[in-house]
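Working notes, beginning with the structure itself.
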Amino acid sequence: MKKLTFLDSLKNWKRKLRWDRQYKSGKWNYLFENEEEPRYNGIINAIKKYTENPKLLDLGAGEGVLRYKLKEQKSSLKYYCGVDFSQVSIKKAKKFNFDNSKFLVADLHYYTPEENYDAIIFNEAFYYINHKLKSDVLERVLSKLNTNGILIVSIFKEGEGCWEFFNHVDLKPLEFKKIESSKENRYWKLGVYRKKNLN
Ligand SMILES: C[S@@+](CC[C@H](N)C(=O)[O-])C[C@H]1O[C@@H](n2cnc3c(N)ncnc32)[C@H](O)[C@@H]1O
């Protein structure tokens, strides 16, 4: 497993503390609001379209907004696991006490999922991964995605230096689209990929 350099580890630790502070101050509460809805809906629609009663892994899950929306929409779910390195966000997410769900604190740079999943999601999280480790992180995560399982990636605006990683030999692109927010000048790109059967 590749590691962050000493300097990058320090930066990463400072960023984690910043996320904790921001979650504590309520800075990210707006993610529950209407203007963000199209992004969560895009992800939930892809889950419904390409999986059936899936096991879901949500990487960089924050306060569990996606899990909250899945519940609101009564989406069928076998199991959900949300991972984030911010203790504060995970503590908030756990308070919802969602059914069939687990939230854990882990740094994506070093996290290896314990089990296999039908759908893995990077919802506004992939671009926070250190560039030198992006490929390593993706490989580790893909090794835990079931064959024919789907990878869903949402990135704010253009996501420079990110999308090329999903042009991957194990992945077949299913969808790539722009999702507009109701707020002016805000949009996301959403990519959906299927893990190929390479046997
Ligand atoms: C913009 S928020 C998105 C939260 C959530 N996915 C959503 O859209 O509702 C990005 C999240 O990525 C998390 N994050 C950033 N770097 C991370 C890392 N190295 N390991 C785990 N989580 C990380 C942050 O703590 C934050 O919760």
Side-chain angles (χ1 to χ4, degrees), residues 1-5 7-47 56-73 75 80-96 98 101-114 119-138 140-141 144 151-157 159 161-162 165 179 181 183 186-191:
M1 189 188 292
K2 269 196 183 170
K3 288 195 165 176
L4 293 170
T5 61
L7 210 63
D8 285 340
S9 293
L10 198 65
K11 281 186 198 157
N12 191 48
W13 176 72
K14 282 187 177 169
R15 277 196 195 114
K16 188 195 92 68
L17 294 183
R18 194 168 63 216
W19 280 107
D20 276 341
R21 273 198 309 275
Q22 292 181 347
Y23 277 118
K24 218 174 262 174
S25 74
K27 181 177 193 266
W28 295 92
N29 289 353
Y30 77 92
L31 294 183
F32 287 94
E33 286 165 16
N34 285 348
E35 67 204 53
E36 296 288 316
E37 195 96 6
R39 162 163 69 94
Y40 295 102
N41 283 345
I43 294 168
I44 293 172
N45 289 342
I47 294 169
L56 255 180
L57 178 63
D58 185 7
L59 298 170
E63 298 174 274
V65 188
L66 178 65
R67 182 64 187 89
Y68 183 88
K69 305 272 179 191
L70 283 159
K71 183 182 174 187
E72 251 185 1
Q73 298 197 19
S75 288
Y80 167 99
C81 178
V83 181
D84 204 288
F85 73 168
S86 157
Q87 276 117 325
V88 177
S89 74
I90 291 297
K91 203 169 161 196
K92 285 185 162 189
K94 280 182 174 172
K95 284 197 180 144
F96 286 111
F98 297 116
S101 301
K102 173 172 147 183
F103 284 94
L104 56 97
V105 177
D107 187 331
L108 297 182
H109 292 110
Y110 302 116
Y111 170 69
T112 305
E114 282 162 10
I120 297 182
I121 302 158
F122 283 109
N123 179 14
E124 301 305 301
F126 192 73
Y127 45 53
Y128 294 114
I129 293 166
N130 181 287
H131 198 67
K132 285 169 253 165
L133 265 64
K134 279 192 173 80
S135 173
D136 207 48
V137 168
L138 183 62
R140 219 170 317 123
V141 162
K144 296 294 186 175
L151 179 75
I152 304 175
V153 185
S154 159
I155 297 183
F156 186 58
K157 295 203 167 164
C162 287
F165 286 91
I179 296 183
S181 162
K183 210 169 179 184
R186 279 179 73 81
Y187 65 88
W188 303 270
K189 296 271 174 87
L190 183 80

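One-based numbering, in listed order, for ligands and for the atoms of each.
- Counting heavy atoms closer than 4.0 Å to ligand 1, residue Asn123 contributes atoms from both its backbone and its side chain.
- Here's the thing with Asp107: one of its N/O atoms is less than 3.5 angstrom from an N/O atom of ligand 1.
- Atoms of ligand 1 found under 4.0 Å from any heavy atom of His109 (numbered from 1 in listed order, with element): 19 (N).
- Considering backbone and side-chain N/O atoms, Asp58 never comes within less than 3.5 Å of an N/O atom of ligand 1.
- In terms of polar-atom proximity, Leu66 is not counted as a contact of ligand 1, lacking any N or O under 3.5 Å from an N or O of the ligand.
- Contact annotation: for Phe85 versus ligand 1, heavy atoms closer than 4.0 Å belong to both the backbone and the side chain.
- Not counting sequence neighbours, Asp84 has no partner by the side chain to side chain donor-acceptor pair (under 3.5 Å) test.
- Looking only at atom types and distance, the side chain of Asn12 has no donor-acceptor partner in the side chain of Ser9 under 3.5 Å away.
- Listed by first and then second residue, the salt bridge (Lys or Arg N to Asp or Glu O under 4.0 Å) pairs involving residues 56-67 are Glu63-Lys92 (not counting sequence neighbours).
- Between Gly60 and ligand 1, a contact under 3.5 Å exists for at least one N or O pair.
- Contacts between Lys16 and ligand 1 below 4.0 angstrom, taking non-hydrogen atoms only, are absent altogether.
- The side chain of Trp28, and not its backbone, has at least one atom closer than 4.0 Å to an atom of ligand 1 (non-hydrogen atoms only; side chain from C-beta on).
- Every heavy atom of Ser154 sits 4.0 Å or more from the atoms of ligand 1.
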